[in-house]
Amino acid sequence: MQPVDNNSFFHRNLLWVSPELLETIKQVRLAVVGCGGNGVIFIVNAAHIGFRNFTICDPDILDATNLNRYVIASPDQVSHPKTEIIRTYLISRFPEITVQAIQKAFPNPDIVSAISTSDIVIGCLDNTVPRIELNIVSRKYQRTLIDLGSGFIVDDTAGPSGNVLAAGGQISISRPTGPCLRCLGFDVEGTQNSYFIEDDAPDASSLVLNNVVGALAVEALISEIVNELSPVNRINYDRSSLSITQEALLNNPECSMCGAESTAHIFSIAEKESLKAFFWEKGIVCKTV
Amino acid sequence: MQNCLALQNEIPKILELNTFNDLEVILSDDSYNPIAAVTLFGFVPPHCITPSDFDVRIPIPNLYGFTESVTTALVNSKLYYTSSDEESHILPSCHRLDEQTIRKQQKNFVDLKEQHNWPSDLHFIFLTPFWNPKGFIHTPLLEFIERFWEFLQNPYEFLNQDIQYCQSRWLQTKNPWWLKRTAQIQMELGNIEETRSILLEAIKIFPARKEFSQLLETWAPDQ
């Protein structure tokens, strides 16, 4: 197959993107943490717009139940690492692209190192705890985090295919000097430490919802690059009303992640050796598990 | 991902307490969560608690100092409370640390992930986390130990106050967790009707959240 030259590929994009912006976009180094439904759609959209520098991170292999939204994968790629499927797709389609694939779960030193050398961090994680951790690391390295989330709330008490009570998604933009994810509405209150029965059932998902949120996140990313989005830091999509709303939220000045005294706390993560030395000096006994 | 600065500031302050004999910091292999737990050896509880001394292991949660504070104490013995009428009861909220709880909480506590040889008589006591109305404000380790002591002094009064607190949080935030916690405390206090009524209310308000109906189904009030 004959490779398509860049002029032809970008011809229609260049009717609305300036050559200067396209050049900037090509240089931006993106660290995408999480390659599930939102992650893969985000990456595919971003690459088609012109982003050419990706680090993609996810520990998982493709499951047959992912195929309803992993449009770039074929059934024979089930059981292959998601990062490898995406890398193979990107390289076959965009020969000049740079893709570093890290098949590991966050937090991990390799991913942290990739974040430290990226320009913008894209968070596509499912759970609150690693999302907050990604925000802490992004803030430590002064990187903007664009966090994607989507989902359904389904009442399945009446049967396996339940009523959709609510559905939609959100894009949260945590800038190094702006609010953290918690101040942007991530509710971690009471999610942990309970000995109650937890619901481990798989979540409802849809390619269409991933498409809306993933594509909207690329628009938000471009606006962020040209600095047109600030002070907006949260974009909400409501599936029932098909509406998109924007918010400019403020931080809590006392927040330990983004408040007045947060920097020293953020920089103290992973300081095991200095902590040990400090306790040693104070005569406090330390032992390993 | 623990806040090491908070831990560095707080742990030495615990040494100023006179309720235990010795303190040990248990380090983990996880570089992002370097402290698995803090153990207080020979903890002397209020007189109403039996046994008269025991060890307290306090697991440090993974987001300690950022979005989590300490909420749980592990004790190496089942604890009993003797009320003013000299009747002795199992301390409410004191439960055996079973395999299921360990498995479920491993993602939140590095201590539960790394430690594998737990003694069979280990029990845990979970206290409602304190939330500042302005949002999450970290509650230091020292305050947890003081709260733990307060709980041991009069557990029934403490839990009744907690119910009021949880109800006010529920009204303010509409976060279902506070309804769960209220039901949980009512269970601890043996208030069968109150527990059932909260769970039924929760099922009505949150039909998509299975934990309430599962809890009602699996709950055995007479056990």
Side-chain angles (χ1 to χ4, degrees), chain A residues 107-109 112 127-129 132-133 135-137 153-158 162-163 165-166 180 182-183 186-199 201 252-257 262 264-276 278-279 282-289, chain B residues 1-8 11-12 15 22-29 31-32 34-37 61-63 65-68 71-72 95 101 104-105 107-108 111 114-115 124 126 129 131-132 134-138 169 173 175 177-178 180-181 184 207-211 213-215 218:
Chain A
N108 169 278
V112 171
N127 299 314
T128 307
V129 171
I132 297 287
E133 290 174 326
N135 198 195
I136 291 168
V137 172
I153 299 175
V154 180
D155 173 13
D156 56 2
T157 49
N163 297 324
L165 301 175
C180 66
R182 189 180 170 91
C183 292
F186 261 82
D187 195 357
V188 293
E189 183 163 322
T191 55
Q192 297 183 47
N193 305 332
S194 164
Y195 54 84
F196 270 79
I197 298 158
E198 282 177 356
D199 174 14
N252 173 357
E254 292 177 64
C255 175
S256 54
M257 279 180 62
S262 60
H265 293 279
I266 292 274
F267 271 81
S268 81
I269 60 165
E271 289 294 331
K272 185 178 181 175
E273 290 311 312
S274 58
L275 205 54
K276 263 166 73 178
F278 177 82
F279 290 142
K282 295 273 173 194
I284 295 172
V285 178
C286 295
K287 72 165 201 179
T288 47
V289 169
Chain B
M1 204 158 276
Q2 294 167 345
N3 181 333
C4 294
L5 183 62
L7 287 161
Q8 182 176 310
I11 289 174
L15 289 171
D22 210 357
L23 177 147
E24 195 171 73
V25 172
I26 300 164
L27 301 171
S28 86
D29 286 334
S31 55
Y32 298 106
I35 298 193
N62 293 358
L63 277 169
F66 289 117
T67 62
E68 287 295 328
T71 52
T72 306
H95 298 272
T101 307
K104 205 162 63 180
Q105 296 295 346
K107 61 180 189 289
N108 302 323
D111 196 24
E114 291 190 350
Q115 173 74 30
F124 72 95
F126 172 81
W131 297 92
N132 186 296
K134 284 188 261 182
F136 174 81
I137 307 292
H138 170 59
R169 290 300 294 155
T173 65
N175 183 323
W177 191 84
W178 293 106
K180 280 199 291 189
R181 183 62 190 149
Q184 195 175 29
R209 295 186 70 109
K210 289 187 201 129
E211 66 267 42
S213 49
Q214 280 174 342
L215 192 63
T218 55

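A note on names: the letters A, B, ... follow the listed sequences, proteins ahead of strands, and every chain is numbered from 1.
- Screening A:V137, A:V129, A:I266 for a side chain to side chain contact (heavy atoms under 4.5 Å, CB included) involving B:M1 leaves a single residue, A:V137.
- Residue A:K282 holds its NZ atom at 13.5 Å from CG of B:L23, rounded to the nearest 0.5 Å.
- Residues B:C4 and A:A270 share a closest heavy-atom pair of SG-N, 4.1 Å.
- Taken from NZ in A:K287 to CG in B:L27, the straight-line distance is 10.5 Å, to the nearest 0.5 Å.
- Among all heavy-atom pairs drawn from A:I284 and B:P12, the shortest one is CD1-CA, 4.1 Å.
- For B:Q2, the part lying under 4.5 angstrom from a heavy atom of chain A is the backbone only.
- Proximity of A:N252 to B:I137: side-chain heavy atoms (C-beta onward) are separated by under 4.5 Å at one or more points.
- Contact count against chain A (heavy-atom pairs under 4.5 Å) is highest for B:Q8 among B:E24, B:Q8, B:Q115, B:E114.
- Checked by atom type and distance alone, the side chain of A:S256 pairs as donor or acceptor with a backbone atom of B:F66 at under 3.5 Å.
- Distance OG/A:S262 to CG/B:L5: 11.5 Å, rounded to 0.5 Å.
- Rounding to the nearest 0.5 angstrom, the gap separating the OG1 atom in B:T67 from the CG atom in A:N135 is 10.5 Å.
- A 4.5 Å side-chain heavy-atom check between A:V112 and B:Y32 finds at least one atom pair inside the cut-off.
- Only the backbone of A:N108 has a heavy atom closer than 4.5 Å to any heavy atom of chain B.
- Contacts between A:P253 and chain B at a heavy-atom distance below 4.5 Å are absent for every atom of the residue.
- Of all the heavy atoms in B:L7 and A:F279, the pair that sits closest is O-CZ, 4.1 Å.
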Full working for side-chain contact (heavy atoms from CB on, under 4.5 Å) between B:N3 and A:I136: CA-CA 10 Å; B:N3 181 333; A:I136 291 168; over 6 Å; no

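- In terms of modelled atom types and a separation under 3.5 Å, the side chain of A:K272 and the main chain of B:S28 share a donor-acceptor contact.
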